[in-house]
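Report on one structure; see the data block that follows.
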Amino acid sequence: MPEVETIRSGLSNLIVGKTVKAVAFDWPKSFPNSPMEVDKFLVNATVLSVQRRGKALLLALNSGYSLVIHLKMTGQLVYRDKIQKFGAGHPTGSLIGELPDKSTRVTLEFKDNAKLFFNDQRKFGWVRLMPTVEVMNLNFFKKIGPEPLEPAFTWGALKTQLQRRPNTSIKAALLDQSVVAGIGNIYADESLWGAKLHPAAMVKTLTDKNIRLLYKSIIDVLSLSIALGGSTDRNYVDAEGKKGNYLKFANVFRRDNLPCPRCGTTIIKLRVAGRGTHICPKEQRLKL
DNA sequence: CACTTGACCTGTCCGC
DNA sequence: TGCGGACAGGTCAAGT
């Protein structure tokens, strides 16, 4: 979510008010709309806003339609102005080369000749054009949980949401977007380390104290990552093509065989909820 | 119903 | 070098 939020704020400054001139796309799973729909509701439409819900982006258009975008693991949304320069010498400092490249699935061209590229190496992500009033009817949004950085998300709200998954591991629960929106594998590991909880601990075994600490940890971790422009594990870049800086400050994620920043114990990697998981084995104990 | 496992894709890295 | 297998930030369908 911090990565998507970073893209959202960047794109908001770059494309709101711009009008689409042309659209190129060729991979139906990445962009399933027909050329007819695109001509009618996207070409000549002006971007009204760029919003985020969970890990999805919503670009509202003045045609009554919206572009809904999910980047999944390797998606990128990179903006290039009309000059089409790139690399370290460019004012934006983009680390992505010339676009489009082999991973480009969708290109939006604006009337001022600026372009927005949707790149996605693994083709898991998607862009979808649909009526704005129907967006929240997508299953993805119908079952999505609370936004962790909204004021309504209190520790009690976290407890209530967790009680919906009592018999699963706390890691699986945190990754479940219907429990809390926006926590992915990196932030689940970092939040659990912050709260000194073992990721395989059953949700129903957590105490109120555990949940309060976890709540604070989630908010701290997500807020810090947004402040640092998100995490670049491999593919992630922001709307200007720049990498995020959070992983330099991560405590456990991808730090197996390195010392725990709190106690010095060697961090280990295990598999929980089918995902690579990093913990301090001394501080994050599985109570029996 | 609650929960877990594979599938969706491409690319990279590691061991033989 | 080459090849096979495991793994990668997420979600969904199908399985138990």
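Each chain gets a letter, A, B and so on, in the order the sequences are listed, and its residues count up from 1.
Of the charged side-chain nitrogens involved, none lies within less than 4.0 Å of a carboxylate oxygen, so that A/D208 and A/R212 do not count as a salt-bridged pair. Look at A/K55 and A/E3 and you find no salt bridge, because none of the NZ, NE, NH1 or NH2 atoms lies under 4.0 Å from a carboxylate O. Between A/R254 and A/D233, at least one side-chain N (NZ, or NE/NH1/NH2) sits under 4.0 Å from a carboxylate O, which counts as a salt bridge.
As judged by a 4.0 angstrom heavy-atom cut-off over every strand, A/R164 is placed among residues touching the sugar-phosphate backbone only. Among the protein residues, A/N139 comes within range of no part of the nucleic acid, since none of its heavy atoms lies under 4.0 Å from any strand. Within the 4.0 angstrom heavy-atom criterion, base atoms lie near A/D233. Across all strands, A/S103 comes closer than 4.0 Å to no nucleic acid atom at all (heavy-atom distances). A/G125 comes within contact range of no nucleotide atom at all, as no heavy-atom separation falls under 4.0 Å. Looking at heavy-atom distances under 4.0 Å, A/G184 makes contact with sugar-phosphate atoms alone, never a base.
Atom P of B/dA7 sits at a distance of 15 Å from the matching atom of C/dG5, rounded to the whole Å. The separation of C/dT11 from B/dG11, taken at their P atoms, amounts to 22 Å, rounded to a whole angstrom.
Distances shorter than 4.0 Å separate some side-chain N or O of A/T168 from OP1 or OP2 on B/dT4. Side-chain N/O atoms of A/K123 include none lying less than 4.0 angstrom from OP1 or OP2 on C/dT11. Between A/R254 and the phosphate of C/dG9, there is a side-chain N or O to OP1/OP2 separation shorter than 4.0 Å. In this structure, A/H70 reaches the C/dT11 phosphate: one of its side-chain N or O atoms is under 4.0 Å from OP1 or OP2. Between A/Q177 and the phosphate of C/dG10, there is no side-chain N or O to OP1/OP2 separation shorter than 4.0 Å. In terms of phosphate contacts, A/K55 brings a side-chain nitrogen or oxygen within less than 4.0 Å of OP1 or OP2 of C/dT11. For A/N167, no side-chain nitrogen or oxygen approaches OP1 or OP2 of B/dA2 to under 4.0 Å. Distances shorter than 4.0 Å separate none of the side-chain N or O atoms of A/K72 from OP1 or OP2 on C/dG9. A close approach under 4.0 Å does not occur between any side-chain nitrogen or oxygen of A/K143 and OP1 or OP2 of C/dT11. Listed pair A/R105 / B/dT10 fails the phosphate criterion, with no side-chain N or O lying under 4.0 Å from OP1 or OP2.
With a 3.5 Å ceiling on both atom-pair distances, C/dG9 lacks any Watson-Crick or G-U wobble partner.
Between A/F140 and A/H70, the angle of the ring planes goes over 60°, which puts this pair in the perpendicular group of the 30/60° scheme. By the 30° and 60° cut-offs, the orientation of the rings of A/F25 relative to A/F31 is perpendicular.
Between A/R275 atom CZ and B/dT4 atom P the separation is 14 Å, expressed in whole Å. The interatomic distance linking A/I186 (CD1) with C/dG9 (C1') rounds to 5 Å, in whole Å. B/dT10 atom P lies 20 Å from atom CH2 of A/W126, rounded to whole Å. C/dG9 atom P lies 17 Å from atom CD1 of A/I7, rounded to whole Å. In this structure, A/M73 places its CE atom 14 Å from P of B/dG11, rounding to the nearest Å. For the pair A/N235 CG and B/dT12 C1', the interatomic distance rounds to 11 Å; values are reported in whole Å. The nearest whole Å value for the distance from the CG atom in A/L57 to the C1' atom in C/dG10 is 14 Å. Atom NZ in A/K142 sits roughly 18 Å away from atom P in C/dT11 (whole-Å rounding).
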(request) Would you please test A/F117 and A/Y79 for ring pair (Phe, Tyr, Trp, His ring centres under 6.0 Å) and show each step? (result) CA-CA 6 Å; A/F117 297 93; A/Y79 173 90; 9.3 Å; no
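Of all heavy-atom pairs spanning A/S231 and A/I186, the tightest one is CB-CD1, 3.6 Å.
The side chain of A/P166 lies closest to B/dC3, out of B/dC3, C/dG10, C/dC7. Listed nucleotides: B/dC8, C/dG9, C/dT11. Nearest to the side chain of A/F253: C/dG9. Listed nucleotides: B/dC9, C/dT11, C/dC7. Nearest to the side chain of A/F124: B/dC9. When distances are taken from the side chain of A/F140 to each of C/dG10, B/dC8, C/dT11, the shortest belongs to C/dT11. Side-chain proximity of A/R165 to B/dT10, B/dC3, C/dT11: nearest is B/dC3. Listed candidates were C/dT11, B/dG11, C/dG9. Nearest to the side chain of A/Q121 is B/dG11. Distance from the side chain of A/K269 is smallest to C/dC7 among C/dC7, B/dT4, C/dG9. Of the listed nucleotides (C/dG9, C/dG10, B/dG11), B/dG11 has the atom at the smallest distance from the side chain of A/K102.
Judged by distance alone, the side chains of A/S178 and A/R164 do bring a donor and an acceptor atom under 3.5 Å apart.
Residue whose closest nucleotide on DNA chain B sits further toward the 5' end, between A/A273 and A/R122: A/A273.
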